[in-house]
Number of protein chains: 2
Amino acid sequence: MVSAAATLFSARGYHGTSMQHLGDALGLQRGSLYAHIGSKEELLFDVVDSGANHFLARAEGILASDAFARVKLERLLVGHIETATLHLDAATVFLNEWRYLSEEPRRVIQTKRDRYEQIVRLIIEEGVAAREFRGDADVRFAATLVLSAGNWTYAWYRPGGELSPTEIGKKFAELVLRGLEA
Amino acid sequence: MVSAAATLFSARGYHGTSMQHLGDALGLQRGSLYAHIGSKEELLFDVVDSGANHFLARAEGILASDAFARVKLERLLVGHIETATLHLDAATVFLNEWRYLSEEPRRVIQTKRDRYEQIVRLIIEEGVAAREFRGDADVRFAATLVLSAGNWTYAWYRPGGELSPTEIGKKFAELVLRGLEA
DNA sequence: GCTCGCCAAACAATCGTTTGTTTTCGACCG
DNA sequence: CGGTCGAAAACAAACGATTGTTTGGCGAGC
């Protein structure tokens, strides 16, 4: 149910997907879906939240791990792109459609987004403090660059390309780290 | 008309914006809008196309100009972010809602997107050929990184921040160039 | 026998678009 | 300058279709 919703929301957008579309995809009447969900928006929240959790789970693990900051940053970017490609639909909905949530659930997601951004910054700050990264590096911009590279993945990645998500992540990380390292 | 549509489409999404919303914003009955447009989708195309043209116009000028590749690349990224922030609504719709166009108009936009991507790659290839950039630089990934940094701008930029779009662009360019230069 | 999943049908509301009619406005002429 | 005419712009109303959601009943499985 949530997975079918992720596919449709990602392909057609939340507002572009009707309960009819969802019912067709599941072989059910659109009214029958309400035996399983409370509302269409609740379904959107489930998809968006699962996307957020996928990203966060890996990032928290990397932040807590014991490694050089540059290794953590590479792992984070690789993990981000692996997550974005492995759960392409949920990631797309998480990044694109979360703004259509009403205020209360949107705040829940916003908190998770903020936390993710904070993790990226913390790792970069670690690197600056340990003199792995340039002392004059602008942490905010470096973090934004990392997030931009990762978050835009959904827009161009298609399964079956010549490079694996892992390799893509490593290439990105190499470029970014080269600009960041002392 | 197009500008009001850009504002609404960017804030609510194409499918989340009704002709009623547009009429309200313009102080007109929703039926009256059809004296000015052929269809809602035609309106979407106008917004998306104007966004595409803003980006392309600057990029073509930079590509044709006479300068070091690293200068061109910086100008392109700065110009990209200036354009994205100056025309924030049109840029958001261009990047987010273009996929809701039906096949024929979408192909027109796709062509412009492809051309823009090609320009970025051409500039990087120039830099590699002139030995300004590392010989082993992966042109595709460097171009994707530049585009990601620029295209994600709409997602976080809000007017009135402490740094001007120009300064933001320069900071990004500095990071990327540092990773790219020989 | 009772719960659960599903259907068929209906709900009011809204969707994008078309219609016929009226109002507004600028250009032209006397 | 005042008057007239045609085109453009706006309105009110309706079109059929679809929106998300609710309801009552029916049949199968624990």
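Within every chain, numbering begins at 1; the chains are lettered A, B, ... in the order of the sequence lines, protein sequences first and strands thereafter.
- Put simply, CG on A:Leu28 is 18 Å from P on C:dC4, counting in whole angstrom units.
- The CD1 atom of B:Ile37 sits 13 Å away from the P atom of D:dA10 (whole-angstrom rounding).
- Close to C:dT14, at under 4.0 Å from its OP1 or OP2, lies no side-chain N or O of B:Ser18.
- Using a 3.5 Å distance cut-off with no hydrogens or angles, the side chains of A:Gln110 and A:Asp114 do pair a donor with an acceptor.
- In this structure, CE of B:Met19 is placed 17 Å from C1' of D:dT19, rounded to the nearest angstrom.
- Cation-pi geometry between A:Arg113 and A:Tyr116 is not satisfied (NZ or CZ under 6.0 Å from the ring centre, within 45° of the ring normal).
- Using modelled atom types and a 3.5 Å distance limit, the side chains of B:His80 and B:Thr83 yield no donor-acceptor pair.
- For the residue pair B:Glu167/B:Ser164, the side-chain donor-acceptor check at 3.5 Å is satisfied.
- Mapping A:Ala35 and A:Gly31 onto DNA chain C by nearest heavy atom places A:Ala35 at the nucleotide closer to the 5' end.
- Nearest to the side-chain atoms of A:Ser32 among the listed nucleotides D:dA10, C:dC15, C:dC6 stands C:dC6.
- Counting to the nearest Å, the C1' atom of D:dT18 and the CZ atom of A:Arg30 are 8 Å from each other.
- As a whole-Å value, the separation of A:Gln20 CD from C:dA10 C1' is 15 Å.
- Within the structure, every side-chain polar atom (N or O) of A:Gln29 is placed at least 4.0 Å from both OP1 and OP2 of C:dC6.
- Atom NE2 in B:His36 sits roughly 12 Å away from atom C1' in D:dC11 (whole-Å rounding).
- Between the CG atom of B:Leu26 and the P atom of D:dA9 there is a distance of 13 Å, given to the nearest Å.
- With rounding to whole Å, A:Tyr14 atom OH is found 13 Å from D:dT19 atom P.
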